[in-house]
Amino acid sequence: MLRALSTLLTPTGPDLRLLASMAAWTWPGTRSDGHEAAHILITRPPALAGQDTAETAETSEGRMRRLSASLGGLACAREIVPELECCLQIVGDQVLLHVPGISRWLGLPTRRPWTDLVARTGEAVLLLGLDLLPLSADAAQVDAYLDAALAADRLLFGRARTR
């Protein structure tokens, strides 16, 4: 089951702004070798009504690339997927993503089977989408986004670990 969540944080420093208004989706899937894998997609939603609409796609891409750098550098689809430092923490049914240098954790949208999969495997495939995706996107729209972003080389990949 695909779940979406947005977090709105009050920036207390320049690095915290990387997490402001991020959108995240999680789902279980399979790796190319047939083993189960938890997936996390993080994107930026388009500006909401009443918010500053001056942010362009280029600005959004820059923010996502800074987030990638903060996590240790993610890879494009044709590159070797890096194993990131321990950046996932499980607290009860909740899975939190930590970005080094930022004091707050991003709570990911979860369901118990997905959280159990992360606990069992100790990792999740982290995808950063460089293009905007509305918070209201359903599973079919997320699939179409992933297909288009993969074809256009607009996804960054990493393996986020719990340990």
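Residues: numbered from 1 along the sequence shown. Since we're looking at a predicted model, the values are computed, not measured.
Side-chain contact between Ile42 and Leu67 is present, with heavy atoms from C-beta onward closer than 4.5 Å. Using a 4.5 Å heavy-atom threshold, the side chains of Thr43 and Asp131 count as separate. Taking 4.5 Å as the limit, some side-chain heavy atom of Leu84 sits within range of a side-chain heavy atom of Leu74. In this structure the side chain of Asp153 reaches within 4.5 angstrom of the side chain of Arg78, judged on heavy atoms. Side-chain atoms of Leu41 and Leu133, non-hydrogen and from C-beta on, do get closer than 4.5 Å to each other. Counting heavy atoms from C-beta on, the side chains of Leu146 and Leu127 come closer than 4.5 Å.
For the pair Arg120 and Glu36, the salt-bridge criterion is met [side-chain N within less than 4.0 Å of a carboxylate O]. Residues Arg159 and Glu83 are paired through a salt bridge, judged by an N-O separation under 4.0 Å between the basic side chain and the carboxylate.
Criterion: ILVMFWY side-chain heavy atoms under 4.5 Å apart, direct or through other members. Under it, Leu71 and Met22 are part of a common hydrophobic cluster. Clustering ILVMFWY residues whenever any of their side-chain heavy atoms sit less than 4.5 angstrom apart, transitively, puts Leu117 in a cluster other than the one holding Ile40.
Judged by distance alone, with hydrogens and angles left aside, the side-chain atoms of Thr26 form a donor-acceptor pair with the main-chain N or O of Pro109 at under 3.5 Å. Under a 3.5 Å cut-off, the side chain of Ser68 and the backbone N or O of Met64 do not form any donor-acceptor pair. In terms of modelled atom types and a separation under 3.5 Å, the side chain of Gln94 and the main chain of Val91 share no donor-acceptor contact.
Within the structure, ring-ring contact (aromatic ring centres under 6.0 Å, His included) contacts touching residues 70-93 (residues at least two apart or in different chains) do not occur. Screening residues 66-104 for ring-ring contact (aromatic ring centres under 6.0 Å, His included), with sequence neighbours left out, gives His98-Trp105.
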- Trace of the salt bridge (Lys or Arg N to Asp or Glu O under 4.0 Å) decision for Glu61 with Arg44: CA-CA 9 Å; Glu61 178 177 345; Arg44 299 232 344 124; over 6 Å; no
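Arg163 meets the salt bridge (Lys or Arg N to Asp or Glu O under 4.0 Å) test with no other residue; sequence neighbours excluded.
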